[in-house]
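Written out below as structure tokens is the structure these notes cover.
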Amino acid sequence: MSSSRISAALIGLTIALATPARAFDGVRFEARVSSENVTLDQLVELNVILERDGAIAMESYRPPSVPPELELIHNETFPSVQQVTINGRTWVRVSEQHTYVFRPKKKGAYTIGAASVKVGGQVLSTKPITVRVAPAPKNAMSSVGAPPSGPSQMPIAPPPATATGAEELFVDAQADKAKVWLGEQVTATWRLYTQTDVLRYRPLAEPKHEEFWSEEIFTPGGALPWDRQNVKGQDYYVSTLLKKALFPMKAGKHTVSPLEAEATTIQSAFAPNASAVRRSPPITVEVMPLPTAGRPPGFDPVNVGQIELTSVVDRDKVKATDTVTWRVTLKIVGNVKQVRLPPIAQAVSGKIEGWKIFDPTVKERVERGEVVRGEKVYAILLKPEKGGALTVPAVSLPFFNPSTGRYETATTQPITVTVDGTPVPSTATAGAGPAQDNVLAQQIRPIRNRQKARSHVGDALFRGRLGLILLVAPPAAWLLLLVGDGIRRRLTRETARSKRRRARRAARRRMRVAEYHIKASRPSAFFGECARVIYEHLEYRLGQKCESLTLAELRLFLEGRGFSKEAAEAIVKELETCDFARFAQSASGPGEMRAAVRRVKTLLDWIERAKISTDTKDAA
Amino acid sequence: MRVAILALAVVLLPSPARAADEVTASTDATFRRGNEAYLHGKHKEAVDAYEQVAALGVKSEDLFYNLGNAYVKLGQLGPAIYNYERALLLEPGQEDVQFNLNATREAAKKRGEDRLIGEEATPRWIRVVQPYTVSLLSWLFLGAWVALFVVLGALHFVQPGFLRVGLQAALAFVAIGTVVAGGFLGARLYLRDRVEQAIVLPDAVQVKEGPDASYTSSFTVHGGLKVRVTEKEQDWVRVRLANGLEGWMRERELGRL
């Protein structure tokens with residue numbers, strides 16, 4: 001490359017690198033909409049942003065033209081000035097954001113025209129934007145940026161009794177029950193009611209409920225889901241702001257403090273947005289203490305709800321040195337986190353005999369639906385202390401069922417486990433030294449009394465022969481397949497050389513057969529073989545059969561395809577000789593036949609060497 | 001006659017495979033002896049037997065777990081935690097090992113807790129790959145690897161059509177799976193073999209400012225604490241705590257994971 005070309009390339013590169021910096025330092029003017037696909041219940045927010053260097057003067061701004069099907073309901077401008085330092089250079093960046101909120105009136109596709117601005121003597125325009133408006137789902141209302149969706153899946157509660165229908169915007173709070181038992185679920189819901197479009201919503205104060213254990217059932221993620229409801233003759237849009245399951249922990253009359261929220265509503269196209277703070281009424285719940293009559297012994301007041309118990313063991317036969325895992329499962333409708341099984345020694349009926357019991361591990365799963373439910377699994381390790389048939393005892397759990405208002409008891413059945421052999425008596429504290437007062441030594445799970453120090457499967461696989469085979473064999477097999485396929489294709493490909501080789505092989509085979517005929521004194525068969533070898537060789541060279549031609553036609557044909565007259569004559573003559581000899585066998589002795597072999601070989605050589613014309617018209 | 005003598009010599013000479021079998025049988029017997037000793041309350045004997053098996057290079061979660069238990073019985077919590085960690089490293093999610101490790105850590109805290117203020121969060125990649133065993137990831141990777149070539153091979157024979165399109169989609173899916181499983185396996189092996197983690201073995205160790213006993217003590221660490229080894233100088237190693245503190249301690253006071 002010459003030096004001038006290198007210079008040109010460097011200059012080009014410099015310009016290319018400098019271009020983005022120029023664009024960054026200059027003016028940015030663009031328009032964006034909140035969504036190009038909306039439904040009739042949604043609003044469209046258009047933002048036109050102008051960003052420029054403070055040193056560049058702005059002369060005029062023209063807002064975009066908007067079709068009448070998009071009704072302008074709000075318009076505001078946010079100017080801002082910022083000092084920016086980039087690569088040691090400080091400059092003032094002035095930006096101006098024009099926000100337009102439209103309400104679509106009809107379904108269809110509408111194009112918002114270009115906004116334009118004159119900056120530093122240059123006119124800049126935004127790109128037109130097309131907004132597609134689809135029909136609104138039922139019971140929906142306007143919300144900027146909300147995805148097109150149907151009404152909320154929350155059940156619609158009855159309208160608040162305190163509402164007059166005169167309020168434009170309010171927050172209501174309701175509990176599904178006013179009077180509950182201690183520990184019984186009460187569901188509290190906070191809803192926003194509005195008659196105008198809500199642009200933004202922000203919670204200011206969460207409700208406080210110190211006397212209750214709570215589980216959150218619903219909070220809106222992103223846009224608020226809306227339903228429609230009539231309150232005292234007025235149509236309202238309603239959205240659930242918060243829903244909680246509350247479990248009272250003390251008897252008496254308790255109050256849940258109000259929820260406070262700020263909602264920004266859209267008033268009109270040219271009036272500023274209005275922000276209003278609304279507070280829900282408090283919720284008061286009367287909590288009744290659990291009845292003393294009929295309270296079973298060992299009842300724990302946290303066990304309120306509907307409880308089912310199941311008991312299983314992981315094996316019913318066990319070696320004396322091994323352990324059994326016993327799982328007691330509580331299926332709970334109520335406060336899953338609080339409901340509990342008492343220490344296992346108290347939960348079982350009778351004495352646990354023949355087992356050493358280790359502390360349980362507890363796993364729980366909570367489903368937070370309209371009704372809180374879930375399960376708690378207590379996994380308890382049992383180590384046999386004697387052989388034979390041992391019983392894993394039945395477990396019982398008294399609880400209070402608020403739906404019936406009575407105490408009930410959930411019970412499991414005892415399970416029999418057969419212990420094979422006699423366990424070695426535990427002498428854990430027999431060791432001298434630190435183990436004597438080692439509390440931990442009594443708590444830990446027992447050793448694994450296996451016969452082999454098992455090596456790890458993964459390591460064996462990864463580092464072992466099998467791993468190596470699995471790693472190498474598939475690509476090797478695939479490569480072998482590719483190579484084999486290549487060879488097969490090459491072998492099956494028809495080349496001039498392979499054709500010649502095949503024809504020669506066939507000719508040699510026939511000549512060997514002819515030699516046998518000489519030895520066997522079969523002149524007829526010999527000459528027949530000679531004629532066939534000539535015809536086959538001609539077919540290989542000329543690409544067509546010649547046996548159907550008369551000898552005169554064959555002569556002409558051969559000459560037409562490029563054989564010399566001499567060669568054509570010799571071939572025809574030899575074929576004549578063969579015909580004659582086949583039918584006059586007495587004239588052909590072994591000497592004559594050997595001479596014929598030599599002649600045929602010469603002819604085959606001529607046939608191979610002949611310069612064959614590809615033009616078959618002459619031959620025809 | 002000469003041939004017969006040679007054949008007899010070949011039969012009688014100990015082959016490498018036979019020698020390996022004998023070693024395995026011997027380690028298994030020692031492991032069983034350790035179990036017997038443990039069950040009879042002879043925990044020191046159990047520790048000796050298990051350590052003997054471990055010294056032969058046997059890596060087994062059962063061995064490390066039992067060894068951890070034996071150390072707990074002897075009241076040596078640092079080595080117990082070290083062996084439980086080794087068992088979990090081989091196969092995470094073993095409930096009994098985790099239970100005993102948690103209980104031992106709780107007990108170790110009572111003897112002396114290291115409050116690591118400003119503790120760094122474990123890097124994300126370690127948190128992602130640590131729960132999976134080398135075993136599982138090896139199977140996943142090799143499974144995907146074999147499947148990849150099976151699909152490639154099948155594509156070779158299938159004529160254009162729906163089946164071929166399906167196979168091509170499967171190929172893309174399996175190729176992505178192979179890359180992901182391979183990446184996970186690589187990261188897991190790197191974590192196991194290259195990220196040098198260790199457990200403090202004695203109940204309390206003075207960490208020095210330099211690699212010699214004459215240096216002043218910077219701080220104290222307690223048995224069971226997990227540290228990272230960043231440097232080695234003779235029989236001293238430089239360790240880094242989770243909160244960034246660094247210092248030197250003797251190598252023998254650490255159990256390398």
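Everything numeric in this text was worked out from a predicted model, so none of it was measured. Chain letters run A, B, ... following the sequence lines, proteins first, then strands; residues in each count from 1. Keep in mind that the numbers below use all heavy atoms, side chains included, and drop hydrogens, waters and symmetry copies.
A 4.5 Å side-chain heavy-atom check between Lys452(A) and Val58(B) finds every atom pair outside the cut-off. The shortest side-chain heavy-atom distance between Asp28(B) and Gln451(A) does not fall under the 4.5 Å cut-off. Using a 4.5 Å heavy-atom cutoff, the side chains of Leu482(A) and His156(B) are in contact. Under the 4.5 Å side-chain criterion, counting only non-hydrogen atoms from C-beta, Trp145(B) is not in contact with Leu470(A). By the 4.5 Å heavy-atom criterion applied to side chains, Pro446(A) and Tyr38(B) are not counted as neighbours. Side-chain contact check for Phe157(B) versus Leu481(A): some heavy-atom pair is nearer than 4.5 Å. At a threshold of 4.5 Å between non-hydrogen side-chain atoms, the residues Ile447(A) and Tyr50(B) count as touching.
Within a 6.0 Å radius of CZ in Arg340(A), no more than 12 heavy atoms belonging to other residues, nucleotides or ligands are found. Surrounding CD of Glu216(A) are more than 12 heavy atoms belonging to other residues, nucleotides or ligands, all under 6.0 Å away. In this structure, Glu308(A) places its CD atom where only 12 or fewer heavy-atom neighbours from other residues, nucleotides or ligands lie under 6.0 Å away.
Heavy atoms of Thr104(B) lying under 4.5 Å from chain A belong to its backbone as well as its side chain.
Atom CD1 of Ile469(A) sits about 11.5 Å away from atom CG of Leu142(B), to the nearest 0.5 Å. Atoms NZ and CD1, on Lys73(B) and Ile444(A) in that order, are 5.0 Å from each other to the nearest 0.5 Å. Rounded to the nearest 0.5 angstrom, Glu95(B) CD and Leu381(A) CG are separated by 8.0 Å.
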Task: Trace of the side-chain hydrogen bond (donor to acceptor under 3.5 Å, both in side chains) decision for Gln98(B) with Arg445(A) - done: CA-CA 10 Å; Gln98(B) 194 64 58; Arg445(A) 300 277 173 91; over 6 Å; no
Open item on the list: Is there a side-chain contact (heavy atoms from CB on, under 4.5 Å) between Phe141(B) and Leu471(A)? Walk through the geometry before answering.
Closed with: CA-CA 9 Å; Phe141(B) 170 67; Leu471(A) 200 66; 3.7 Å; yes
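When Asn66(B), Asn69(B), Asn35(B), Leu63(B) are each tested for a side-chain contact (heavy atoms from CB on, under 4.5 Å) with Arg448(A), only one passes: Asn66(B).
With Phe31(B) as the aromatic partner, Arg450(A) does not meet the cation-pi criteria of under 6.0 angstrom to the ring centre and within 45 degrees of the ring axis.
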